[in-house]
Amino acid sequence: MEKSHSYFTGDFSTSLRFARNDENKSLNFIEAKVEEDLRNGKNAKRIQTRFPPEPNGYLHIGHAKAICLDFGIAKNYGGVCNLRFDDTNPTKENMEYVDAIKEDIQWLGYQWGNEYYASDYFQQLWNFAIELIKRGKAYIDEQSSEEIAAQKGTPTQPGTESPYRNRPIEESLELFNKMNSGEIEEGRMVLRAKIDMANPNMHFRDPIIYRVVKTPHHRTGTKWNAYPMYDFAHGQSDYFEGVTHSLCTLEFVVHRPLYDLFVDWLKEIRGEGDNMDDNRPRQTEFNKLNLNYTLMSKRNLLILVKEGVVNGWDDPRMPTICGFRRRGYTPESIHKFIDKIGYTTYDALNDFALLESSIREDLNACATRVAAVVNPVKLVITNYPEGQTEELEAINNPEDESAGSHKIEFSRELWIEKEDFMECPPNKYFRLTPGKEVRLKNAYIVKCTGCKKDENGEVVEVYAEYDPMTRSGMPEANRKVKGTIHWVSQAHCIKAEVRLYDRLWNVENPRDELARLQDEGNTPIEAMLRNISPMRNRSIISSSRE
RNA sequence: UGCCCAAUGGUGUAAUUGGCAACACGACUGACUCUGGAUCAGUAAAGUCUAGGUUCGAACCCUGGUUGGGCAACCA
């Protein structure tokens with residue numbers, strides 16, 4: 001087994017503003033188990049985890065939950081988390097996904113120790129399979145997949161044994177080599193572990209451990225034609241790498257006995273039979289993330305992308321990590337959210353509102369405020385000199401004094417939100433209304449004097465007079481005014497395209513149904529954004545409203 | 001009729017491991033007016049799926065049941 005090393009290069013405490021800041025928080029059941037293993041001196045007190053994505057799609061917010069656990073456990077207990085691509089199925093996997101996955105993990109603030117691939121172990125797994133055949137623990141089955149499925153039985157009925165189950169070892173050995181040499185067509189034969197066709201656990205009914213795939217592999221090319229199945233690759237890969245805690249989601253609970261059995265066999269073959277209980281990976285399962293109104297399955301996300309329902313994996317409506325990134329979510333907000341939902345063994349359905357509250361909480365603390373008018377109507381300050389411009393000051397973040405301020409321009413003609421003016425207002429309407437005063441944020445107190453309407457009765461211009469003694473900072477500015485509205489100067493703003501996205505799915509628990517997508521929410525709206533320069537590309541800003 | 005897992009306010013988690021059921025989100029009141037999707041003050045909301053048992057004492061341990069989830073890909 002490999003020696004343990006600390007591979008971490010970055011200082012997480014500074015790169016992640018909110019990482020693990022609540023020390024009083026109770027341990028989740030996995031952390032408790034890790035601490036117990038540490039107390040008991042398991043695995044020579046090493047902690048090693050892995051994040052094992054299959055490179056067949058982009059990472060989604062559910063993967064973020066697994067990433068935070070795999071990397072978080074390693075970080076919090078002085079261990080290492082490696083990245084291992086589970087690339088045992090060349091028909092679905094490619095390098096585009098490998099690169100995207102790495103980018104997303106790093107964006108979340110994590111750095112893996114080593115970058116491994118299950119395909120790195122194809123030779124070792126092959127040797128192990130050969131050894132199993134020699135020991136009478138695996139055999140080549142030449143039946144069709146239909147026949148094998150039929151013999152598997154059902155959850156309530158035992159299976160029946162394959163007629164090839166007890167064929168001579170030499171024969172299996174020879175055929176296994178042929179499976180890999182390219183002489184055997186896909187589907188013609190498989191290698192099966194000889195376990196127990198009557199076992200109540202379906203995964204023990206002589207599981208298929210190798211099959212023929214003729215599609216070239218994105219890393220090993222055409223070197224192999226026989227590829228190991230997940231169950232025959234994952235646990236052994238963990239073992240080869242020295243993983244101590246193999247964390248995965250609940251649907252793998254029923255796979256665990258098989259995971260353990262293959263590691264047992266491997267340890268026996270390697271002469272570690274006298275120490276079966278220690279120095280081996282242990283699988284622990286936690287609940288995967290379900291979000292209401294959100295479908296997480298990679299299969300269906302792929303369909304959305306391929307059929308053009310969305311504009312790519314990073315469409316802001318997608319629950320992918322890159323989608324949330326484009327939507328303006330910060331890594332910190334994702335961490336906050338993951339921290340709030342916790343890890344249990346209960347298959348929960350989380351409220352999307354909790355995720356939204358996490359990004360609001362984070363942005364409220366760190367985002368620079370910039371004025372934008374999304375649904376503009378013209379406001380003319382009739383007593384302000386034409387052609388005059390003055391510079392005013394606007395603080396960048398009311399929650400953070402150190403964030404400083406920026407200059408903004410004020411002039412006679414402004415844009416304000418349509419909904420910030422009402423000719424006949426209801427009670428408790430404190431915004432612009434004829435005869436009433438309102439404060440223009442960071443500028444003057446103005447009194448509304450009326451408006452102009454078009455032939456349809458639509459308000460096209462609003463008029464007001466300003467009080468020159470009430471500029472922000474002046475003593476008169478402290479006068480009590482019931483309402484404050486935001487604005488941008490017409491001569492000093494830029495047009496922006498705004499898209500107000502709604503949720504993609506309109507059923508609370510879509511699970512695996514693709515149907516009933518919302519089809520609205522992608523129509524651009526023209527908005528007015530105050531021109532701030534220089535504004536760094538991709539800065540995180542927050543409109544003061546909307 | 002199989003095997004495995006789970007169940008605590010509307011949602012998600014917690015309860016110093018057998019000792020007064022707490023926190024967050026959400027909802028609702030109200031206040032505040034240099035915005036607010038903020039802040040502040042407050043309210044409602046579970047008696048822990050159910051029936052027993054053990055115990056001075058059970059959300060927690062035991063037994064039966066109920067309900068939900070997972071398991072029968074040459075996917076992972």
Side-chain angles (χ1 to χ4, degrees), chain A residues 25-26 28 32 52-54 56-57 86-89 91-93 118 141 143-145 148-159 186-192 198-205 207-213 226-227 229-231 233-234 248-257 285 287 290 292 298-299 336-337 339-361 363-365 369 371 394-395 398-399 420 430-431 438-445 470 472-473 477-478 480-486 542-546:
Chain A
K25 208 182 160 192
S26 58
N28 65 48
E54 185 189 9
N56 68 344
D86 231 330
D87 56 348
T88 56
N89 184 2
T91 62
K92 291 185 178 174
E93 299 154 3
D141 196 337
Q143 298 182 101
S144 69
S145 61
I148 292 175
Q151 283 168 0
K152 202 142 205 176
T154 69
T156 53
Q157 288 173 314
E186 288 186 17
R188 284 291 308 283
M189 56 184 70
V190 292
L191 182 68
R192 291 227 257 168
N199 200 291
N201 184 337
M202 297 294 289
H203 298 278
F204 268 48
R205 325 248 260 227
I208 294 169
I209 56 177
Y210 263 90
R211 81 290 210 189
V212 175
V213 181
Y227 289 88
M229 301 281 290
Y230 167 85
D231 282 315
H234 201 98
C248 64
T249 47
L250 249 24
E251 67 266 31
F252 291 100
V253 168
V254 285
H255 293 249
R256 196 196 321 141
E285 311 84 8
N287 61 344
N290 296 308
N292 61 4
K298 265 201 279 189
R299 205 187 96 245
K336 274 172 180 286
F337 171 67
D339 207 45
K340 286 175 183 175
I341 60 174
Y343 297 88
T344 68
T345 54
Y346 171 71
D347 187 27
L349 180 60
N350 289 275
D351 197 336
F352 205 98
L354 191 60
L355 178 56
E356 290 174 333
S357 81
S358 300
I359 183 61
R360 265 189 255 116
E361 194 184 332
L363 252 27
N364 188 41
R369 268 57 160 188
I395 58 168
E399 307 288 319
D420 282 347
F430 297 131
R431 289 170 274 172
V438 79
R439 186 190 305 275
L440 295 177
K441 172 85 176 161
N442 296 314
Y444 295 94
I445 294 172
T470 60
S472 293
N478 294 330
K480 286 279 178 202
V481 181
K482 256 313 197 185
T484 302
I485 64 172
H486 64 279
S542 172
S543 151
S544 336
R545 189 145 111 200
E546 298 297 344

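Convention: sequence-line order gives letters A, B, ...; per-chain numbering from 1. Keep in mind the model is a prediction, meaning the values are calculated, not measured.
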Review point. Under a 4.0 Å N-O cut-off, is there an ion pair linking A:Glu54 with A:Lys92?
Key: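 Salt bridge flag = no for A:Lys92 with A:Glu54.
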Watson-Crick or G-U wobble partner of [N], both distances under 3.5 Å:
N: B:rG10; value: B:rC25
N: B:rG52; value: B:rC62
N: B:rG68; value: B:rC5
N: B:rA46; value: none

**Study point:** Interatomic spacing from CG in A:Asp141 to CD in A:Gln151 - rounded to 0.5 Å
**Key:**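 Answer for the CG-CD pair, A:Asp141 versus A:Gln151, is 7.0 Å.
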Practice item. Tell me which nucleotide among B:rC71, B:rC75, B:rC25 gets nearest to the side chain of A:Met202. Key: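 Of B:rC71, B:rC75, B:rC25, B:rC71 is nearest to the side chain of A:Met202.
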Review point. For the side chain of A:Ser357, counting heavy atoms from C-beta on, which of B:rA76, B:rA38, B:rG26 is nearest?
Key: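 Nearest to the side chain of A:Ser357 among the choices is B:rG26.
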Check your understanding: Please walk me through it: do A:Asn442 and A:Ser472 pass side-chain hydrogen bond (donor to acceptor under 3.5 Å, both in side chains)?
Key -> CA-CA 6 Å; A:Asn442 296 314; A:Ser472 293; 5.2 Å; no
Point to revise | Set of residues satisfying side-chain hydrogen bond (donor to acceptor under 3.5 Å, both in side chains) with respect to A:Arg439, sequence neighbours excluded | key: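 Once residues adjacent in sequence are excluded, A:Arg439 has no partner under the side-chain hydrogen bond (donor to acceptor under 3.5 Å, both in side chains) criterion.
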Study note, to complete from the structure: Protein heavy-atom contacts under 4.0 Å, written 5' to 3' over nucleotides 12-19 of chain B as B (base), S (sugar-phosphate only) or - (none), form the string SSSS----
Point to revise | A:Ile341 vs A:Leu354 side-chain heavy atoms within contact, under 4.5 Å | key: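 Result yes, sub-4.5 Å side-chain heavy-atom pair found.
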Exercise for review: Compare all side-chain heavy atoms of A:Arg192 with those of A:Pro207 and state whether any distance is below 4.5 angstrom.
Suggested key: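 They are not in contact (no side-chain heavy atoms under 4.5 Å apart), so the answer is no.
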Check your understanding: Between the base of B:rC5 and the side chain of A:Thr345, is there a donor-acceptor distance below 3.5 Å?
Key ->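 For A:Thr345, whose side chain was compared with the base of B:rC5, there is no donor-acceptor pair (under 3.5 Å).
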